> 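Pasting in a structure now, in C-alpha coordinates, and then I'll have a few things to ask.
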Amino acid sequence: MSGGGNTITPMGGGGCGGRSSGSGGTSGGGGGGPCGACKFLRRKCVPGCIFAPYFDSEQGSAYFAAVHKVFGASNVSKLLLHIPVHRRSDAVVTICYEAQARIRDPIYGCVAHIFALQQQVVNLQAEVSYVQAHLASLELPDPQTRPPPPPQSQPQSLFFTPPPLSTTDLAASVSPLPSTYDLASTFDHAASPSSWATQQRRFVDPRHQYGRSLSSSSATVGLAGGNSDLEALAHELLHRQGSPPPTTTDDSPSRTMSR
Amino acid sequence: MNPKRCAACKYLRRRCPKDCIFSPYFPPSDPDKFSCIHRIYGAGNVSKMLQQLPVQTRAEAVESLSFEARCRVQDPVYGCVGIISLLQTQIQKTQTLLAKTQAEIAVAQTKHSQHTYL
(Lines give C-alpha, C1' and ligand atoms only; values in the text may rest on other atoms or scores of the structure.)
Protein backbone atom coordinates (compact mmCIF):
# COMPACT_ATOMS: atom_id res chain seq x y z
CA MET A 1 0.00 0.00 0.00
CA SER A 2 2.26 2.71 1.25
CA GLY A 3 5.95 2.36 1.11
CA GLY A 4 7.39 3.32 -2.15
CA GLY A 5 4.33 2.40 -4.13
CA ASN A 6 2.63 5.74 -3.63
CA THR A 7 -0.79 4.22 -3.98
CA ILE A 8 -2.08 6.64 -1.41
CA THR A 9 -1.73 10.14 -2.69
CA PRO A 10 -4.40 12.31 -1.17
CA MET A 11 -2.26 15.35 -0.94
CA GLY A 12 0.99 14.53 -2.54
CA GLY A 13 2.01 11.37 -0.78
CA GLY A 14 1.08 8.82 1.79
CA GLY A 15 -1.45 9.79 4.42
CA CYS A 16 -2.51 13.36 4.92
CA GLY A 17 -0.08 15.55 3.13
CA GLY A 18 2.70 13.03 3.40
CA ARG A 19 5.25 12.51 0.74
CA SER A 20 6.00 9.12 -0.68
CA SER A 21 7.58 7.30 2.13
CA GLY A 22 11.03 6.05 1.57
CA SER A 23 11.97 8.93 -0.59
CA GLY A 24 12.42 12.58 -0.07
CA GLY A 25 13.90 12.15 3.34
CA THR A 26 10.75 12.87 5.26
CA SER A 27 11.24 10.07 7.69
CA GLY A 28 12.05 12.67 10.23
CA GLY A 29 15.12 14.13 11.72
CA GLY A 30 16.90 14.41 8.41
CA GLY A 31 17.75 17.36 6.28
CA GLY A 32 14.17 17.76 5.21
CA GLY A 33 13.12 19.39 8.46
CA PRO A 34 10.44 18.32 10.87
CA CYS A 35 7.36 16.53 9.71
CA GLY A 36 4.01 18.24 9.93
CA ALA A 37 3.18 16.56 13.21
CA CYS A 38 6.41 17.51 14.92
CA LYS A 39 6.15 20.98 13.47
CA PHE A 40 2.73 21.31 15.02
CA LEU A 41 3.89 19.85 18.30
CA ARG A 42 7.01 21.99 18.19
CA ARG A 43 9.26 19.15 18.98
CA LYS A 44 12.28 17.62 17.42
CA CYS A 45 11.42 15.24 14.63
CA VAL A 46 13.51 12.20 15.32
CA PRO A 47 14.52 9.62 12.74
CA GLY A 48 11.81 7.01 12.57
CA CYS A 49 9.12 9.44 13.69
CA ILE A 50 5.91 7.52 13.33
CA PHE A 51 4.05 10.48 11.89
CA ALA A 52 6.65 11.62 9.40
CA PRO A 53 5.63 9.43 6.45
CA TYR A 54 2.07 10.66 6.66
CA PHE A 55 2.23 14.32 7.61
CA ASP A 56 4.57 16.36 5.51
CA SER A 57 5.95 19.66 6.66
CA GLU A 58 3.78 21.71 4.31
CA GLN A 59 0.18 20.60 4.58
CA GLY A 60 0.62 17.97 7.22
CA SER A 61 0.53 20.42 10.10
CA ALA A 62 -3.00 21.50 9.36
CA TYR A 63 -4.25 17.96 9.12
CA PHE A 64 -2.37 16.92 12.18
CA ALA A 65 -3.84 19.80 14.11
CA ALA A 66 -7.30 18.32 13.64
CA VAL A 67 -6.12 14.85 14.52
CA HIS A 68 -4.38 16.12 17.62
CA LYS A 69 -7.39 18.07 18.75
CA VAL A 70 -9.76 15.14 18.48
CA PHE A 71 -7.66 12.09 19.19
CA GLY A 72 -4.45 13.36 20.71
CA ALA A 73 -0.97 12.66 19.40
CA SER A 74 -0.19 9.86 21.82
CA ASN A 75 -3.44 8.03 21.11
CA VAL A 76 -2.85 8.18 17.38
CA SER A 77 0.72 7.08 17.85
CA LYS A 78 -0.41 4.07 19.90
CA LEU A 79 -3.06 3.29 17.31
CA LEU A 80 -0.55 3.39 14.47
CA LEU A 81 1.92 1.24 16.35
CA HIS A 82 -0.66 -1.53 16.47
CA ILE A 83 -1.26 -1.39 12.75
CA PRO A 84 1.02 -3.03 10.20
CA VAL A 85 3.21 -0.51 8.43
CA HIS A 86 1.66 -1.09 5.03
CA ARG A 87 -1.82 -0.25 6.39
CA ARG A 88 -0.89 2.85 8.32
CA SER A 89 -1.41 5.34 5.54
CA ASP A 90 -4.99 4.13 5.14
CA ALA A 91 -5.48 4.45 8.86
CA VAL A 92 -4.09 7.98 8.86
CA VAL A 93 -6.43 9.03 6.10
CA THR A 94 -9.48 7.69 7.89
CA ILE A 95 -8.34 9.19 11.17
CA CYS A 96 -7.91 12.55 9.46
CA TYR A 97 -11.36 12.22 7.98
CA GLU A 98 -12.97 11.42 11.32
CA ALA A 99 -11.09 14.20 13.05
CA GLN A 100 -12.18 16.78 10.52
CA ALA A 101 -15.74 15.51 10.58
CA ARG A 102 -15.78 15.81 14.35
CA ILE A 103 -14.44 19.35 14.26
CA ARG A 104 -17.02 20.38 11.69
CA ASP A 105 -19.82 18.65 13.56
CA PRO A 106 -18.83 18.37 17.23
CA ILE A 107 -22.01 16.51 18.12
CA TYR A 108 -22.25 13.78 15.49
CA GLY A 109 -18.98 13.84 13.60
CA CYS A 110 -18.96 11.39 10.71
CA VAL A 111 -21.90 9.53 12.21
CA ALA A 112 -24.10 12.16 10.58
CA HIS A 113 -22.87 10.95 7.22
CA ILE A 114 -23.61 7.38 8.20
CA PHE A 115 -27.11 8.35 9.22
CA ALA A 116 -27.69 10.13 5.94
CA LEU A 117 -26.54 7.11 3.99
CA GLN A 118 -28.63 4.77 6.04
CA GLN A 119 -31.64 6.96 5.52
CA GLN A 120 -30.95 6.80 1.81
CA VAL A 121 -30.76 3.02 1.97
CA VAL A 122 -34.05 2.80 3.80
CA ASN A 123 -35.74 5.10 1.30
CA LEU A 124 -34.43 3.11 -1.63
CA GLN A 125 -35.44 -0.19 -0.10
CA ALA A 126 -38.93 1.08 0.50
CA GLU A 127 -39.15 2.21 -3.07
CA VAL A 128 -37.85 -1.12 -4.34
CA SER A 129 -40.46 -2.93 -2.28
CA TYR A 130 -43.16 -0.77 -3.75
CA VAL A 131 -42.11 -1.20 -7.35
CA GLN A 132 -41.62 -4.93 -6.86
CA ALA A 133 -45.14 -5.19 -5.54
CA HIS A 134 -46.31 -3.17 -8.51
CA LEU A 135 -44.46 -5.49 -10.86
CA ALA A 136 -45.96 -8.51 -9.17
CA SER A 137 -49.42 -7.10 -9.65
CA LEU A 138 -48.74 -6.43 -13.33
CA GLU A 139 -47.55 -9.97 -13.85
CA LEU A 140 -50.66 -11.45 -12.31
CA PRO A 141 -53.18 -12.77 -14.81
CA ASP A 142 -56.02 -10.71 -13.29
CA PRO A 143 -55.74 -7.19 -14.64
CA GLN A 144 -58.04 -5.90 -11.87
CA THR A 145 -55.45 -6.53 -9.22
CA ARG A 146 -53.97 -3.35 -7.86
CA PRO A 147 -50.56 -3.02 -6.27
CA PRO A 148 -50.57 -2.73 -2.49
CA PRO A 149 -50.34 0.76 -1.13
CA PRO A 150 -46.87 2.01 -0.30
CA PRO A 151 -45.72 1.83 3.33
CA GLN A 152 -46.24 5.55 3.72
CA SER A 153 -48.55 6.95 1.15
CA GLN A 154 -47.23 10.27 -0.01
CA PRO A 155 -49.06 11.33 -3.10
CA GLN A 156 -46.45 13.92 -3.91
CA SER A 157 -43.58 11.55 -4.33
CA LEU A 158 -42.56 7.98 -4.61
CA PHE A 159 -39.75 8.65 -2.21
CA PHE A 160 -40.73 7.61 1.26
CA THR A 161 -38.98 9.17 4.16
CA PRO A 162 -39.14 7.02 7.21
CA PRO A 163 -38.34 8.75 10.45
CA PRO A 164 -34.71 9.25 11.19
CA LEU A 165 -32.71 6.90 13.34
CA SER A 166 -31.07 7.81 16.59
CA THR A 167 -27.46 7.65 17.60
CA THR A 168 -28.24 5.07 20.22
CA ASP A 169 -29.96 2.99 17.55
CA LEU A 170 -26.61 3.08 15.82
CA ALA A 171 -24.75 2.35 19.01
CA ALA A 172 -27.10 -0.50 19.79
CA SER A 173 -25.66 -2.40 16.90
CA VAL A 174 -22.37 -2.59 18.69
CA SER A 175 -23.63 -2.50 22.23
CA PRO A 176 -26.63 -3.97 23.98
CA LEU A 177 -27.78 -0.60 25.25
CA PRO A 178 -31.36 0.25 24.33
CA SER A 179 -31.97 3.33 22.25
CA THR A 180 -33.43 6.26 24.05
CA TYR A 181 -32.76 9.27 21.93
CA ASP A 182 -34.20 10.64 18.77
CA LEU A 183 -32.46 12.66 16.12
CA ALA A 184 -35.59 14.10 14.57
CA SER A 185 -33.99 17.50 14.34
CA THR A 186 -30.90 16.22 12.61
CA PHE A 187 -32.32 15.60 9.19
CA ASP A 188 -33.78 18.31 7.00
CA HIS A 189 -36.06 15.83 5.29
CA ALA A 190 -37.20 14.11 8.44
CA ALA A 191 -40.73 12.81 8.11
CA SER A 192 -43.32 13.29 10.78
CA PRO A 193 -43.36 10.54 13.36
CA SER A 194 -45.35 7.52 12.42
CA SER A 195 -45.83 3.97 13.53
CA TRP A 196 -42.80 3.14 11.45
CA ALA A 197 -40.69 4.95 14.03
CA THR A 198 -41.82 2.69 16.83
CA GLN A 199 -40.97 -0.34 14.77
CA GLN A 200 -37.54 0.79 13.68
CA ARG A 201 -35.85 1.11 17.00
CA ARG A 202 -32.74 -0.78 16.12
CA PHE A 203 -30.17 0.16 13.59
CA VAL A 204 -29.21 -2.80 11.50
CA ASP A 205 -25.47 -2.76 11.41
CA PRO A 206 -24.56 -3.23 7.76
CA ARG A 207 -21.70 -5.37 8.88
CA HIS A 208 -24.11 -7.86 10.38
CA GLN A 209 -26.60 -7.51 7.60
CA TYR A 210 -24.13 -8.49 5.01
CA GLY A 211 -22.24 -10.96 7.10
CA ARG A 212 -19.11 -8.95 6.69
CA SER A 213 -16.83 -8.09 9.51
CA LEU A 214 -14.74 -5.02 9.39
CA SER A 215 -11.17 -5.71 10.15
CA SER A 216 -7.86 -4.70 8.85
CA SER A 217 -7.85 -7.68 6.58
CA SER A 218 -8.84 -6.78 3.06
CA ALA A 219 -10.47 -10.14 2.51
CA THR A 220 -13.07 -9.64 5.21
CA VAL A 221 -14.13 -6.26 3.95
CA GLY A 222 -15.58 -8.06 0.98
CA LEU A 223 -15.32 -5.23 -1.48
CA ALA A 224 -14.35 -5.91 -5.01
CA GLY A 225 -10.75 -5.01 -5.39
CA GLY A 226 -10.00 -5.55 -1.72
CA ASN A 227 -8.70 -2.50 0.04
CA SER A 228 -8.45 -0.29 -2.99
CA ASP A 229 -12.13 0.69 -2.84
CA LEU A 230 -11.90 1.62 0.79
CA GLU A 231 -8.73 3.53 0.20
CA ALA A 232 -10.35 5.44 -2.60
CA LEU A 233 -13.40 6.10 -0.48
CA ALA A 234 -11.37 7.29 2.47
CA HIS A 235 -9.48 9.72 0.29
CA GLU A 236 -12.61 10.86 -1.45
CA LEU A 237 -14.28 11.55 1.87
CA LEU A 238 -11.26 13.48 3.01
CA HIS A 239 -11.16 15.45 -0.21
CA ARG A 240 -14.85 16.24 0.00
CA GLN A 241 -14.34 17.91 3.31
CA GLY A 242 -12.16 20.41 1.58
CA SER A 243 -9.30 22.09 3.36
CA PRO A 244 -8.69 21.14 6.92
CA PRO A 245 -10.32 23.38 9.49
CA PRO A 246 -8.26 26.32 10.63
CA THR A 247 -6.18 25.55 13.64
CA THR A 248 -5.85 27.56 16.76
CA THR A 249 -2.08 27.75 16.39
CA ASP A 250 -0.54 30.74 14.78
CA ASP A 251 1.27 28.98 11.99
CA SER A 252 -1.39 26.92 10.33
CA PRO A 253 -3.49 28.91 7.96
CA SER A 254 -6.21 26.97 6.28
CA ARG A 255 -4.90 25.27 3.26
CA THR A 256 -6.66 24.16 0.18
CA MET A 257 -6.46 20.52 -0.50
CA SER A 258 -4.36 19.44 -3.36
CA ARG A 259 -6.26 18.55 -6.44
CA MET B 1 -18.45 13.50 46.16
CA ASN B 2 -20.72 11.13 44.35
CA PRO B 3 -20.84 8.00 46.52
CA LYS B 4 -21.40 5.92 43.42
CA ARG B 5 -18.66 6.65 40.95
CA CYS B 6 -19.45 6.89 37.28
CA ALA B 7 -17.78 4.47 34.91
CA ALA B 8 -15.28 7.11 33.85
CA CYS B 9 -14.08 7.92 37.34
CA LYS B 10 -14.00 4.23 38.17
CA TYR B 11 -11.83 3.61 35.14
CA LEU B 12 -9.60 6.56 35.95
CA ARG B 13 -9.48 5.50 39.59
CA ARG B 14 -10.40 8.83 40.94
CA ARG B 15 -13.13 10.39 43.01
CA CYS B 16 -16.31 11.22 41.19
CA PRO B 17 -17.30 14.79 42.06
CA LYS B 18 -20.89 15.92 42.06
CA ASP B 19 -20.33 17.99 38.93
CA CYS B 20 -18.40 15.27 37.10
CA ILE B 21 -18.79 15.96 33.41
CA PHE B 22 -18.80 12.27 32.57
CA SER B 23 -21.24 10.93 35.12
CA PRO B 24 -24.52 11.67 33.26
CA TYR B 25 -23.28 9.74 30.23
CA PHE B 26 -21.19 6.92 31.63
CA PRO B 27 -23.19 5.00 34.19
CA PRO B 28 -21.25 2.47 36.26
CA SER B 29 -23.34 -0.29 34.70
CA ASP B 30 -21.45 0.02 31.40
CA PRO B 31 -17.71 0.23 31.96
CA ASP B 32 -16.85 -0.79 28.40
CA LYS B 33 -18.33 2.36 26.94
CA PHE B 34 -15.85 4.65 28.62
CA SER B 35 -12.90 2.32 28.25
CA CYS B 36 -13.45 2.25 24.50
CA ILE B 37 -13.76 6.02 24.27
CA HIS B 38 -10.75 6.53 26.49
CA ARG B 39 -8.68 4.17 24.39
CA ILE B 40 -9.35 6.09 21.20
CA TYR B 41 -9.84 9.69 22.30
CA GLY B 42 -8.52 9.97 25.80
CA ALA B 43 -10.38 11.32 28.80
CA GLY B 44 -8.96 14.82 28.50
CA ASN B 45 -10.00 15.24 24.87
CA VAL B 46 -13.50 13.94 25.54
CA SER B 47 -13.84 16.22 28.54
CA LYS B 48 -12.78 19.24 26.47
CA MET B 49 -15.16 18.28 23.68
CA LEU B 50 -18.07 17.95 26.05
CA GLN B 51 -17.29 21.20 27.80
CA GLN B 52 -17.50 23.01 24.50
CA LEU B 53 -20.96 21.65 23.78
CA PRO B 54 -24.32 22.79 25.12
CA VAL B 55 -25.49 20.48 27.87
CA GLN B 56 -28.51 19.29 25.91
CA THR B 57 -26.34 18.01 23.05
CA ARG B 58 -23.77 16.18 25.12
CA ALA B 59 -25.65 12.91 25.35
CA GLU B 60 -25.82 12.56 21.57
CA ALA B 61 -22.19 13.56 21.27
CA VAL B 62 -21.18 10.85 23.71
CA GLU B 63 -23.18 8.26 21.83
CA SER B 64 -21.64 9.19 18.51
CA LEU B 65 -18.16 9.24 20.03
CA SER B 66 -18.86 5.84 21.56
CA PHE B 67 -19.96 4.48 18.21
CA GLU B 68 -16.92 5.84 16.41
CA ALA B 69 -14.63 4.53 19.11
CA ARG B 70 -16.12 1.05 18.86
CA CYS B 71 -15.80 1.09 15.09
CA ARG B 72 -12.18 2.09 15.41
CA VAL B 73 -11.48 -0.60 17.98
CA GLN B 74 -13.06 -3.22 15.76
CA ASP B 75 -11.38 -1.94 12.63
CA PRO B 76 -8.28 0.04 13.55
CA VAL B 77 -7.50 0.88 9.93
CA TYR B 78 -10.82 2.09 8.56
CA GLY B 79 -13.05 2.70 11.57
CA CYS B 80 -16.34 4.26 10.52
CA VAL B 81 -15.22 4.61 6.94
CA GLY B 82 -15.71 0.88 6.55
CA ILE B 83 -19.37 1.26 7.41
CA ILE B 84 -19.71 4.22 5.08
CA SER B 85 -18.27 2.07 2.33
CA LEU B 86 -20.69 -0.76 3.05
CA LEU B 87 -23.62 1.62 2.99
CA GLN B 88 -22.53 3.16 -0.29
CA THR B 89 -22.20 -0.30 -1.79
CA GLN B 90 -25.65 -1.16 -0.53
CA ILE B 91 -27.04 2.03 -2.04
CA GLN B 92 -25.50 1.23 -5.41
CA LYS B 93 -26.92 -2.29 -5.38
CA THR B 94 -30.35 -1.07 -4.38
CA GLN B 95 -30.34 1.59 -7.06
CA THR B 96 -29.43 -1.05 -9.62
CA LEU B 97 -32.22 -3.28 -8.41
CA LEU B 98 -34.65 -0.37 -8.52
CA ALA B 99 -33.70 0.50 -12.06
CA LYS B 100 -33.99 -3.14 -13.10
CA THR B 101 -37.40 -3.49 -11.52
CA GLN B 102 -38.62 -0.28 -13.12
CA ALA B 103 -37.47 -1.57 -16.48
CA GLU B 104 -39.34 -4.80 -15.87
CA ILE B 105 -42.44 -2.81 -15.01
CA ALA B 106 -42.14 -0.91 -18.29
CA VAL B 107 -41.89 -4.20 -20.18
CA ALA B 108 -44.80 -5.69 -18.27
CA GLN B 109 -46.94 -2.62 -18.90
CA THR B 110 -46.15 -2.76 -22.58
CA LYS B 111 -47.11 -6.42 -22.76
CA HIS B 112 -50.25 -5.73 -20.76
CA SER B 113 -51.37 -2.91 -23.03
CA GLN B 114 -50.64 -4.99 -26.12
CA HIS B 115 -52.66 -7.84 -24.69
CA THR B 116 -55.52 -5.50 -23.87
CA TYR B 117 -55.41 -3.97 -27.35
CA LEU B 118 -55.57 -7.37 -28.98
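Small disclaimer: the values here were computed from a predicted structure and weren't measured. Residue numbering restarts at 1 for every chain, and letters A, B, ... go by the order of the sequence lines. In what follows, every heavy atom counts, from backbone to side chain, and hydrogens, waters and symmetry copies are set aside.
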> Please find the pair of heavy atoms, one from B/Tyr25 and one from B/Val55, that lie closest to each other, and give the distance.
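Where B/Tyr25 meets B/Val55 most closely, the heavy atoms are OH-O, 3.9 Å.
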
> Counting only non-hydrogen atoms closer than 4.5 Å, does B/Arg72 touch chain A with its backbone (N, CA, C, O), its side chain (CB onward), both, or neither?
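Interface part for B/Arg72: side chain.
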
> Could you look at B/Leu53 and say if it's the side chain, the backbone, both or neither that has a heavy atom under 4.5 Å from chain A?
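The side chain, not the backbone.
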
> For A/Leu80, is it the side chain, the backbone, both or neither that has a heavy atom under 4.5 Å from a heavy atom of chain B?
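Neither; nothing under 4.5 Å.
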
> Could you look at A/Leu135 and say if it's the side chain, the backbone, both or neither that has a heavy atom under 4.5 Å from chain B?
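Both parts, heavy atoms under 4.5 Å.
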
> Against chain A, work out which of B/Ile84, B/Thr57, B/Thr101 has the most heavy-atom pairs shorter than 4.5 Å and name it.
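Among the listed options, the one with the most contacts to chain A is B/Ile84.
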
> Which pair of heavy atoms, one from A/Pro106 and one from B/Ala61, lies closest together, and at what distance?
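Scanning both residues completely, I find the closest heavy atoms to be O-CB, 4.1 Å.
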
> At a heavy-atom distance under 4.5 Å, which candidate from B/Lys111, B/Glu68, B/Lys100 has the highest pair count against chain A?
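Max contact count across the listed options: B/Glu68.
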
> Given side-chain contact (heavy atoms from CB on, under 4.5 Å), test B/Arg58 with B/Ile21 step by step and report yes or no.
CA-CA 10 Å; B/Arg58 289 178 186 173; B/Ile21 195 165; 4.0 Å; yes

> Can you tell which of B/Leu97, B/Leu50, B/Val107, B/Ile40 has the highest number of heavy-atom pairs within less than 4.5 Å of chain A?
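Ranked by contacts with chain A, first place is B/Ile40.
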
> Considering residues, nucleotides and ligands other than B/Arg39, do more than 12 of their heavy atoms fall under 6.0 Å from its CZ?
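No, not enclosed.
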
> If the plane angle is over 60° it's perpendicular, under 30° parallel, otherwise tilted; pick one for A/Phe51 and A/Phe55.
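The arrangement is perpendicular - the two ring planes meet at more than 60°.
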
> Could I get the full list of ring pair (Phe, Tyr, Trp, His ring centres under 6.0 Å) partners for B/Tyr41, not counting sequence neighbours?
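With sequence neighbours excluded, B/Tyr41 shows a ring pair (Phe, Tyr, Trp, His ring centres under 6.0 Å) to A/Phe71, given in chain and number order.
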
> Between A/Leu117 and chain B, with a heavy-atom cut-off of 4.5 Å, which part of the residue counts as in contact: side chain, backbone, both or neither?
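Backbone plus side chain of A/Leu117, per the 4.5 Å heavy-atom cut-off to chain B.
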
